[in-house]
Amino acid sequence: MLERGTIAVKRGLAQMLKGGVIMDVVTPEQAKIAEEAGACAVMALERVPADIRAAGGVARMADPERIIKIMDAVSIPVMAKCRIGHIVEAQVLEAIGVDFIDESEVLTPADESHHINKWAFKVPFVCGARDLGEALRRIGEGAAMIRTKGEAGTGNIVEAVRHMRAIMDHIRKLQNMPEEELMAEAKALGAPYELVKETARLGRLPVVNFAAGGVATPADAALMMLLGADGVFVGSGIFKSDDPERRAAAIVKAVTFYQDPAVIAQVSRGLGEAMRGIDVRTLAPEERLAVRGW
Amino acid sequence: MARIGVLALQGDFLEHEVALRHLGQEVVQVRTVAHLDGIDGLIIPGGESTTFGRLMSDLGLYRALADMIAAGLPVWGTCAGLILLARHVLDLSYPTLAALDIVVDRNAYGRQVDSFEMDVQVPVLGPEPFRAIFIRAPVIQAVGEGVEVLARLPQGEDVPRVGAGTPIAVCQGRVLGTTFHPELTQDLRFHRHFLELVAGRVAPI
């Protein structure tokens with residue numbers, strides 16, 4: 001019997017994206033630049049996160065018209081974002097045929113208590129996480145892929161590093177625990193016991209885990225790979241820089257060759273200015289996107 | 001024990017590596033021409049074919065790989081890997097290695113929501129069905145005379161018309177291609193079959 005939307009099929013697409021770079025784009029032209037540079041997927045948006053910050057107001061799912069034009073322009077997978085808990089935005093994105101939905105804290109949350117039940121969809125979901133408990137709750141709700149939240153639209157890698165280290169450190173801690181301690185640990189994490197056991201056994205999350213939120217340079221991307229990311233999302237970092245084409249191709253190479261500083265040095269040369277960026281410590285608490293999500 | 005290279009530019013190369021290590025093989029991640037030295041076989045994994053194309057072109061891997069395949073290096077491509085081995089691919093802006101005389105249509109089943117898994121029969125692996133996982137899979141539209149078809153998608157009312165009855169696993173000489181992902185399952189029979197090909201225990205067609 002033929003089956004669609006199974007765990008293997010949904011998590012499998014994320015496995016195909018590993019070792020790659022997923023780039024935020026707002027037009028078909030940008031999507032083509034990303035594809036030619038070697039992006040393994042694009043995220044179709046109304047605005048990149050840096051512009052969402054600047055615009056203020058309520059950030060919603062992109063216009064389906066914009067997403068469809070981007071889907072028509074490239075052959076690589078196209079992702080799109082819906083608001084946290086906005087079941088109908090997700091249904092709309094599934095209906096137009098996006099390949100992956102990002103239930104994203106970058107948009108204004110629609111529900112302050114509950115995320116979407118992602119098991120109810122055939123399309124796979126990626127969700128942000130700051131720590132292991134949050135990652136496992138999202139997987140428990142059906143997410144087929146996790147990414148660090150970082151602090152989107154800042155061009156500042158510090159939060160993505162914090163979140164990746166938090167997840168990886170906690171996994172290493174689980175691996176060293178005797179099995180009888182895992183139930184209390186699941187309680188402390190606020191995460192499903194079965195997923196805690198599986199993570200301890202695997203020594204990694206049971207789904208693909210990308211880095212996101214603040215990647216601006218090839219070295220930033222390579223750093224996240226070194227810390228254990230399976231791949232990298234780049235949001236504002238590419239199309240808010242001086243030379244998006246070269247920067248995009250350079251970040252793709254830096255991810256493939258993250259263990260080879262000579263290659264990272266070579267691709268980093270003469271790239272022009274990176275996005276200007278924001279010191280995260282200057283953000284007011286209500287300006288922080290990473291705290292959205294429960 | 002053989003020394004098997006796995007093209008590690010992007011995609012699910014680690015899944016192939018894990019399968020090969022289970023079978024006691026030495027594995028080399030291939031990112032540059034120098035990594036190709038001394039390998040007995042090569043796997044091109046799943047991933048994005050345009051990403052592979054861009055990186056292979058920048059890194060000068062096309063020429064080196066094509067020469068080694070022409071000299072008899074056994075190669076297996078899964079999904080995106082099969083696309084890069086095909087003689088002709090509709091609508092791909094990069095060259096291919098043209099090691100399998102097949103014509104391929106990328107993403108022919110539609111988008112990710114149309115991806116699927118099902119049991120298929122692969123006679124060369126024995127009577128037990130193989131769980132085939134198709135992720136934004138290509139369709140093989142035509143095969144040349146020298147190509148042996150190892151498996152076809154069944155015909156059935158639930159099978160998408162575009163793929164029904166088409167080849168999903170093919171072999172030509174020492175080159176193997178599958179449109180699905182054995183590396184996403186725990187079933188190691190396809191990896192064993194490839195190692196037989198590497199060892200020269202399967203007579204090339």
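Throughout, a chain's letter reflects where its sequence line sits, starting with A, and its residues are numbered from 1.
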Shortest non-hydrogen contact from [X] to [Y]?
X       : Y       : result
R11(A)  : I139(A) : NH2-CG2, 3.8 Å
G19(A)  : V255(A) : O-CG1, 3.5 Å
Q172(B) : L100(B) : OE1-CA, 3.3 Å
V42(A)  : A34(A)  : CG1-CB, 3.7 Å
L17(A)  : M79(A)  : CD1-CE, 3.6 Å

Check: When the aromatic ring centroids of F100(A) and F125(A) are compared, is their separation below 6.0 Å?
Finding: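 Ring centres of F125(A) and F100(A) not closer than 6.0 Å.
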Is a side-chain N or O of [X] found less than 3.5 angstrom from the main chain of [Y], in a donor-acceptor match?
X       : Y       : answer
D72(A)  : K69(A)  : no
E46(A)  : D63(A)  : yes
E35(A)  : A31(A)  : no
R247(A) : I238(A) : no
T51(B)  : A39(A)  : yes

Note to self: If we check side chain to side chain contact (heavy atoms under 4.5 Å, CB included) with R138(A), which of these qualifies: V207(A), I116(A), V126(A), I146(A)?
What the structure shows: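 Testing R138(A) for a side chain to side chain contact (heavy atoms under 4.5 Å, CB included) against V207(A), I116(A), V126(A), I146(A) leaves exactly one candidate, I146(A).
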Item checked: chain B contact via V74(A) - side chain, backbone, both or neither, heavy atoms under 4.5 Å ->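 Neither; nothing under 4.5 Å.
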Item checked: Segment of A41(A) engaging chain B (4.5 angstrom heavy-atom cut-off) ->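 The answer is neither part of A41(A).
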Note to self: Out of R4(A), M1(A), K10(A), return the one with the most heavy atom pairs under 4.5 angstrom to chain B.
What the structure shows: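 The residue among R4(A), M1(A), K10(A) with the greatest pair count is R4(A).
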Note to self: Quick check for you: among S75(A), P124(A), G97(A), which has the greatest number of heavy-atom pairs under 4.5 Å with chain B?
What the structure shows: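 Max contact count across the listed options: S75(A).
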By number, which residues in [range] have some heavy atom less than 4.5 Å away from chain A?
range                       : result
residues 106-121 of chain B : R106(B), N107(B), R111(B), Q112(B), V113(B), D114(B), S115(B), F116(B), E117(B), M118(B)
residues 67-96 of chain B   : Y94(B)
residues 11-46 of chain B   : G11(B), D12(B), L14(B), E15(B), R31(B), T32(B), G46(B)

Checklist line | Residue pairs, two or more places apart or on separate chains, that pass side chain to side chain donor-acceptor pair (under 3.5 Å) and touch residues 252-264 of chain A | finding: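 Qualifying pairs, neighbours excluded: K253(A)-D58(B).
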Next item on the list: Heavy-atom distances under 4.5 Å only: say whether I133(B) touches chain A with side chain, backbone, both or neither.
Entry: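 The answer is the side chain of I133(B).
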Check: What's the spacing between M23(A) CE and C40(A) SG if we round to 0.5 Å?
Finding: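 Reported to 0.5 Å precision, the distance equals 8.0 Å.
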Next item on the list: Kindly indicate whether the side chain of I168(B), heavy atoms from C-beta on, has any atom under 4.5 Å from the side chain of I140(B).
Entry: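 Contact flag for I168(B)/I140(B) side chains = no.
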